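Scroll down for the structure; my scribbles are underneath it.
Chain naming here is simple, since letters A, B, ... match the order of the sequence lines and numbering starts at 1 in each. These numbers come from a predicted model, not from an experiment.
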Protein chains: 2
Amino acid sequence: MLTRKKEFIELSSSLPDIWKMLTDVERDQLRSNARIVHYKKNELIYLEEEEPKDLMCLFKGKVKIFKSGVGGRSQIIRIIRPVQYFGYRAYFAREPYVTAASAFEACTVCLIPMEIFENFLRHNGDLALFFIQLLSVDLGIADQRVVNLTQKHVRGRLAESLLFLKESYGLEEDGATINIYLAREDLANLSNMTTSNAIRTLSNFVNEHIITIDGRKIKIIDEERLHKISRIG
Amino acid sequence: MLTRKKEFIELSSSLPDIWKMLTDVERDQLRSNARIVHYKKNELIYLEEEEPKDLMCLFKGKVKIFKSGVGGRSQIIRIIRPVQYFGYRAYFAREPYVTAASAFEACTVCLIPMEIFENFLRHNGDLALFFIQLLSVDLGIADQRVVNLTQKHVRGRLAESLLFLKESYGLEEDGATINIYLAREDLANLSNMTTSNAIRTLSNFVNEHIITIDGRKIKIIDEERLHKISRIG
DNA sequence: CTAGAACTATGTTCTAAAACACAAATATAA
DNA sequence: TTATATTTGTGTTTTAGAACATAGTTCTAG
């Protein structure tokens with residue numbers, strides 16, 4: 001009972017965006033249907049081809065949304081940080097997932113059954129417009145990404161990814177180290193290149209005093225250079 | 001007056017998807033605020049950086065949505081056919097257009113002021129869910145496109161584009177010729193390759209008896225091969 | 001704590017596709 | 001119509017980045 005109560009409290013304070021748009025009735029319904037699930041590092045959250053059932057909200061941790069392409073080669077499509085919603089696109093498009101999601105690190109996720117949520121949307125204009133906005137922003141990012149990934153060269157793509165990771169997950173206390181622990185392979189999949197190329201280009205950046213690396217920890221030394229490299233492609 | 005009346009008739013029959021979801025009041029409001037605009041072949045409909053003002057619905061013609069990338073290189077992001085909606089994403093994302101739109105051929109477009117339409121959405125759950133679905137489908141296509149454009153080789157990308165054009169605009173009376181008149185450059189920009197490569201690969205397809213070309217008219221001879229080439233990348 | 005697996009690093013080779021160059025064919029405008 | 005611009009076609013050169021090979025290093029599961 002105590003645990004259950006704890007989850008109630010989490011819900012109201014952890015869904016800041018949508019909670020304030022809901023009516024009391026909707027809030028009750030949400031309380032009694034939302035589930036909190038924990039995922040271990042590298043655990044899969046959902047798979048390609050699966051049926052979407054829940055709107056997911058990341059309370060804690062870091063998630064990657066990815067897709068396997070030609071010859072099973074994986075491409076990271078987007079990354080999720082707290083508090084962001086994910087996993088709902090496929091449901092609204094009335095299709096199975098075309099992506100998969102997995103936890104970069106231990107995660108806490110709130111699952112809300114889509115049927116219930118769709119009903120909220122149908123009767124709550126503010127909530128509907130909020131999700132229209134989320135989808136619109138993501139679609140704009142996807143459009144931009146098509147151009148960046150296809151037209152920029154390896155250096156530009158990697159520089160962009162590093163800046164993107166910094167924007168998404170922020171920096172550690174030193175004000176320079178990117179606050180995520182990523183394998184070179186993930187960095188490569190995010191930047192559309194081979195792992196070798198990610199490693200090599202990272203080394204080049206170190207030699208050019210743009211970053212320093214300590215294992216998987218990446219410290220940004222010259223952010224302006226990174227921006228420039230990203231811009232010129 | 002007669003012309004004006006004609007436009008009223010067009011509206012109710014030309015917006016099949018949304019018209020049936022609207023209340024009488026909304027319909028009246030739509031009638032008095034929607035405008036019909038004609039665009040000449042190759043005319044620009046909106047530009048990157050511009051402020052989005054209207055929801056657009058293509059009644060007649062063909063439209064390309066494109067984006068200029070590194071070094072001004074253009075990338076076609078999506079193509080629009082009658083009756084599809086476009087131009088609304090940026091407004092909902094509360095940002096200027098990140099793409100531009102132009103007419104492949106002479107077009108008739110219906111413009112609906114976004115402020116009015118947003119109000120409809122806020123009070124009409126079905127309409128809101130309809131647009132949530134449109135955005136969700138487009139976002140799924142964009143995600144798929146990232147993988148296709150970055151991982152497939154030139155042949156696979158061109159094959160995919162030809163099939164995509166066939167799906168979008170259909171075939172002429174002969175049941176084989178793709179019903180669109182595209183410059184090689186546009187075909188290249190759609191497939192993320194140089195014009196030279198589009199021309200060369202098209203020639204290869206002709207030699208392999210997969211298609212025939214007569215100027216800009218492309219006839220599909222062996223669709224199964226195209227599917228196969230697209231699939232294996 | 002240890003063994004095996006996974007990750008990181010770097011050098012070498014190979015290839016797809018871009019860049020370039022030019023000619024021929026079409027389209028567009030004066 | 002003729003002249004000019006644009007588009008199409010093809011051969012050649014160059015290069016970015018993939019593929020491969022191999023070794024050292026770091027995880028991690030039992």
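- Going from atom NZ of B:K217 over to atom P of D:dT8 covers 14 Å, rounded to whole Å.
- Atom CD1 of B:I213 is separated from atom C1' of C:dT26 by 14 Å (rounded to the nearest Å).
- Fit an axis to the five pairs at each end of the helix from C:dC1-D:dG30 to C:dA30-D:dT1 and the two axes sit 60° apart, to the nearest 10 degrees.
- Remark: A:Y181 is in phosphate contact with D:dC27, judged by side-chain N or O atoms under 4.0 Å from OP1 or OP2.
- Considering all non-hydrogen atoms of both residues, A:V146 and B:A142 come closest at CG2-O, 4.4 Å.
- At most 12 heavy atoms of other shown residues, nucleotides or ligands fall within 6.0 angstrom of atom NZ in A:K219.
- Of all the residues in residues 189-209 of chain A, A:T194, A:S196, A:N197, A:R200 reach under 4.0 Å from DNA chain D with at least one non-hydrogen atom.
- A straight line from CG of B:L158 to P of C:dA18 spans 12 Å, rounded to a whole angstrom.
- If you find the closest nucleotide of DNA chain D to A:G215 and to B:R184, the one lying nearer the 5' end belongs to B:R184.
- The aromatic rings of B:F104 and B:Y169 sit perpendicular, their planes meeting at an angle over 60°, well past the 30° parallel limit.
- Atom-to-atom, NE2 of A:H153 to P of D:dT15 comes out at 12 Å; the value is rounded to the nearest Å.
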**Study point:** Trace of the side-chain hydrogen bond (donor to acceptor under 3.5 Å, both in side chains) decision for A:R184 with A:N189
**Key:** CA-CA 9 Å; A:R184 301 288 190 269; A:N189 292 342; over 6 Å; no
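- B:R231 and B:E224 are joined by a salt bridge, as a carboxylate oxygen and a charged side-chain nitrogen come within less than 4.0 angstrom of each other.
- Going from atom CG of B:L182 over to atom CD1 of B:I218 covers 7.0 Å, rounded to the nearest 0.5 Å.
- Residue A:E49 qualifies as open at atom CD: its count of foreign heavy atoms under 6.0 Å is 12 or below.
- Computed from coordinates, the B:Q151 CD to D:dA18 P distance equals 11 Å when rounded to whole Å.
- Summarising the geometry of B:E48 relative to B:V98, their closest heavy-atom pair is CG-O, 3.3 Å, with the distance given to 0.1 Å.
- For C:dC7, neither phosphate oxygen OP1 nor OP2 lies less than 4.0 angstrom from any side-chain nitrogen or oxygen of A:R216.
- Heavy atoms of A:R73 sit nowhere under 4.0 angstrom from any nucleic acid atom.
- The nearest whole Å value for the distance from the CG atom in B:D186 to the C1' atom in D:dT7 is 12 Å.
- If you look at A:F117 and A:F131, their ring centroids are closer than 6.0 Å.
- Residue B:R157 contributes atom CZ, which lies 9 Å from atom C1' of C:dA17 at whole-angstrom precision.
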